[in-house]
Engineer: 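Provided herewith is a single structure, encoded as structure tokens, for subsequent inquiry.
A quick note: this is a predicted structure, and the numbers were derived from the prediction, not measured. Both ligands and their constituent atoms are indexed starting at 1 by order of listing.
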Amino acid sequence: MPDIRTHAANLYQKSLSEKKFFEIESSGQTAYLNMLLLTAARNRVFIETILRQFIRRPVPRKNIFAFYALLLGSTELLFMNTPPHAAINGWVEAVKKQCDKFLGGMVNAVLRRISENRSDLLQQPRRFFPAEFLKILRQDYTPEQIAAMEQACFSEPPLAVSVKEAPEIWAQKLNGQPLSNNTLTIPAAGPVPSLPGYKEGAWWVQDFAASLGVTALVPCPGQKILDLCAAPGGKTAQLLNARAAVTALDCSQERLQTLRQNLTRLQFPLPEIICADAREWLQSAPKESFDAVLLDAPCSATGIFRRHPEILAFKTLNDVRRQTELQQQILTAAAPVIKHGGTLIYCVCSIAKDEGEKQITRFLKAHPEFCISPLTEREINSFHDGRLSSLLTAEGFIRTLPSMLPEFGGVDSFFIARLQKA
Ligand SMILES: C[S@@+](CC[C@H](N)C(=O)[O-])C[C@H]1O[C@@H](n2cnc3c(N)ncnc32)[C@H](O)[C@@H]1O
């Protein structure tokens with residue numbers, strides 16, 4: 001097993017080369033690794049600007065480990081409480097082992113200067129979004145909106161959970177704040193499995209914005225609902241909590257296994273579970289057989305950069321384009337299985353309007369049998385106090401942005417549309 005810092009650098013490198021979320025295994029060091037990697041990803045653009053002030057030439061590709069040592073070492077020195085000598089020595093030793101003595105010396109010199117100039121460096125302007133990600137945002141948002149999102153994203157968001165019932169009681173037990181419906185936000189929560197109610201299955205982790213798709217559906221007991229793209233089951237759990245008759249479909253066997261585990265922990269009876277490509281399965285499914293379809297579509301995941309800042313480094317407009325096509329195919333295939341008068345909920349955790357607002361506009365043009373069923377504040381807010389009005393668009397869609405609901409630590413970016421079949 002490599003030392004903890006080498007391990008952290010390898011995890012960072014793996015996430016970027018495979019274009020995946022950080023995969024941090026459970027161990028005694030999970031909290032440190034989480035803090036180090038997520039803080040580095042959140043501040044990467046800022047740290048790279050600082051590093052350019054101290055290094056004349058970029059680190060060569062074949063010694064990329066030294067780059068990660070500089071990024072993660074700077075993170076420890078600027079944003080974490082690691083004693084400077086421990087951070088610098090730890091990274092220098094790791095670089096000497098993984099690269100060579102010369103690069104170890106370079107990392108030593110740069111990290112020392114960062115440590116000496118810490119307070120001045122922290123006064124420099126901080127940017128959050130890298131250039132490629134800004135291209136996605138600039139397609140749909142004004143500079144003011146982008147600046148507001150940027151400011152909302154520098155600090156770690158609170159944990160958000162959906163509780164089965166009694167949100168006020170669980171808010172007390174978990175030191176949380178009830179947001180609306182059954183969502184609580186919990187600042188500085190600590191390791192999730194050790195929190196009260198986790199083992200008994202009283203709640204599950206889910207951002208407030210993610211929960212709104214099912215809120216918009218208003219599920220009833222016995223209602224026949226097809227949960228398309230269901231794994232790992234956050235929304236399936238909400239549907240089962242409302243005692244709907246659920247069919248949960250996903251194309252990933254592995255993710256469906258996680259769905260089973262999650263629903264079992266939550267003590268819900270397992271619904272009908274189907275492993276298939278939604279497009280193929282829907283071709284042979286009986287027409288007009290569901291009261292409602294919830295399509296939480298595969299998407300670029302560009303709306304969840306608050307909780308997964310690592311994606312900022314590898315998501316591009318190409319990801320948006322690729323997913324848009326797949327979403328359109330699943331939407332088209334889903335239309336016939338909904339009963340007349342039935343509901344289609346379409347949601348994506350993408351910030352790009354091509355996957356959200358524009359996707360639905362195109363769908364409605366091609367499917368005149370569907371119309372928008374506009375969402376209202378009263379329907380999505382159990383407190384009926386107007387706090388969620390900014391989440392609704394003029395058309396009656398939901399579009400959340402990280403800069404919204406700052407009093408609750410912000411929300412992920414989701415798009416949700418409710419359509420009705422004539
Ligand atoms: C946004 S996630 C769903 C999250 C889930 N609804 C929840 O609330 O926990 C999208 C899911 O779509 C699945 N998926 C991707 N392409 C698919 C396809 N062609 N058919 C069915 N499922 C697909 C992925 O495996 C992934 O689990």
Side-chain angles (χ1 to χ4, degrees), residues 19-21 160-162 181-183 192 203-217 219 225-242 244 246-266 268 270-285 290 292-305 307-308 311 315 319-320 322-335 337 344-352 355-356 359 398 400 411-417:
K19 301 192 173 183
K20 283 188 177 162
F21 295 149
V161 303
S162 292
N181 313 321
N182 278 14
T183 297
V192 168
W203 50 264
W204 62 101
V205 174
Q206 180 165 255
D207 191 77
F208 177 61
S211 75
L212 287 171
V214 175
T215 308
L217 177 50
I225 300 177
L226 175 60
D227 182 6
L228 279 179
C229 307
K235 295 175 192 67
T236 321
Q238 279 179 281
L239 294 171
L240 292 173
N241 204 29
V246 181
T247 300
L249 181 145
D250 200 281
C251 68
S252 161
Q253 193 61 266
E254 198 185 332
R255 286 171 68 89
L256 280 174
Q257 193 47 32
T258 311
L259 172 141
R260 284 189 192 91
Q261 284 162 2
N262 287 339
L263 297 181
T264 305
R265 177 182 66 81
L266 292 166
F268 287 122
L270 287 184
E272 181 184 16
I273 294 176
I274 297 165
C275 184
D277 184 313
R279 294 165 295 182
E280 284 165 21
W281 187 84
L282 287 162
Q283 294 301 327
S284 48
F290 289 95
V293 166
L294 170 68
L295 171 54
D296 185 17
C299 70
S300 63
T302 45
I304 54 173
F305 53 78
R307 296 191 188 279
H308 292 285
I311 67 165
K315 291 287 177 187
D319 294 290
V320 173
R322 220 183 6 256
Q323 297 297 341
T324 307
E325 213 175 302
L326 174 59
Q327 290 149 6
Q328 196 206 332
Q329 290 167 356
I330 304 181
L331 262 171
T332 306
V337 305
L344 169 60
I345 299 284
Y346 173 80
C347 46
V348 276
C349 59
S350 166
I351 199 157
E355 297 179 70
Q359 182 73 273
I398 293 175
T400 57
V411 281
D412 287 344
S413 181
F414 258 77
F415 169 79
I416 299 161

Engineer: Please list the nearest protein heavy atom to atom 10 (C) of ligand 1 with its residue and the distance rounded to 0.1 Å.
Structural biologist: Asp296 O, 3.8 Å

Engineer: Of all the atoms in ligand 1, which lie at a distance below 4.0 Å from a heavy atom belonging to Ala230?
Structural biologist: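 Listed by number with element: 5 (C), 6 (N), 7 (C), 9 (O).
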
Engineer: Strictly under 4.0 Å, does any heavy atom of Ala276 approach an atom of ligand 1?
Structural biologist: yes

Engineer: Starting from atom 24 (C) of ligand 1, which protein heavy atom do you reach first, and at what distance in Å?
Structural biologist: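 Of the protein heavy atoms, Asp250 OD1, 3.5 Å lies nearest.
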
Engineer: Locate the shortest heavy-atom distance separating Gly356 from Val348; write the atom from each residue and the value.
Structural biologist: CA-CG2, 4.3 Å

Engineer: What is the closest protein heavy atom to atom 12 (O) of ligand 1, and at what distance does it sit?
Structural biologist: Cys229 CB, 3.3 Å

Engineer: Please state which option from Ala248, Gly234, Ala297 has its nearest heavy atom closest to atom 9 (O) of ligand 1.
Structural biologist: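 The option holding the nearest heavy atom is Gly234.
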
Engineer: Using a plain distance cutoff, I'd like to know if Leu249 has any nitrogen or oxygen under 3.5 Å from a nitrogen or oxygen of ligand 1.
Structural biologist: no

Engineer: Residues in ring-ring contact (aromatic ring centres under 6.0 Å, His included) with Phe415, at least two apart?
Structural biologist: Phe397

Engineer: Distance to 0.1 Å, residue and atom name: give those for the protein heavy atom nearest to atom 19 (N) of ligand 1.
Structural biologist: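 Answer, as residue, atom name and distance: Asp277 OD1, 3.2 Å.
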
Engineer: Looking only at heavy atoms, which two atoms of Gly233 and Leu259 are closest? And how far apart?
Structural biologist: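 Gly233 and Leu259 have their closest heavy atoms at CA-CD1, 3.6 Å.
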
Engineer: Has Arg255 got a side-chain atom pairing as donor or acceptor with Ala231's backbone, closer than 3.5 angstrom?
Structural biologist: yes

Engineer: Within the side chain of Gln359, is there an N or O that forms a donor-acceptor pair under 3.5 Å with the backbone of Thr324?
Structural biologist: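 A pair under 3.5 Å: yes.
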
Engineer: Tell me the protein heavy atom at minimum distance from atom 8 (O) of ligand 1, and give that distance in Å.
Structural biologist: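 Here the closest protein heavy atom is Lys235 NZ, 2.9 Å.
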
Engineer: With atoms numbered from 1 as shown, which atoms in ligand 1 lie under 4.0 angstrom from a non-hydrogen atom of Ala278?
Structural biologist: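 What qualifies from ligand 1 is 18 (C), 20 (N), 21 (C).
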
Engineer: Specify the protein heavy atom at minimum distance from atom 27 (O) of ligand 1: its residue, its atom name, and the distance to 0.1 Å.
Structural biologist: Arg255 NE, 2.6 Å

Engineer: In the protein, what heavy atom is nearest to atom 17 (C) of ligand 1, and what distance, to one decimal place, separates them?
Structural biologist: Cys251 SG, 3.4 Å

Engineer: Do ligand 1 and Ser252 have nitrogen or oxygen atoms that lie under 3.5 Å from each other?
Structural biologist: no

Engineer: So which heavy atom on Thr302 is nearest to which on Ser350, and how close?
Structural biologist: OG1-OG, 3.2 Å

Engineer: Salt bridge check: are Asp227 and Lys235 linked by an N-O gap of less than 4.0 Å?
Structural biologist: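 Salt bridge between Asp227 and Lys235, a charged N being under 4.0 Å from a carboxylate O: no.
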
Engineer: May I ask you to check whether Gly233 has an N/O atom sitting below 3.5 Å from an N/O atom of ligand 1?
Structural biologist: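 So ligand 1 has an N or O lying under 3.5 Å from an N or O of Gly233.
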
Engineer: Answer yes or no: does atom CD of Gln329 have more than 12 heavy-atom neighbours from other residues, nucleotides or ligands under 6.0 Å?
Structural biologist: yes

Engineer: If the condition is side chain to side chain contact (heavy atoms under 4.5 Å, CB included), which residues does Arg322 pass it with, not counting sequence neighbours?
Structural biologist: Asp319

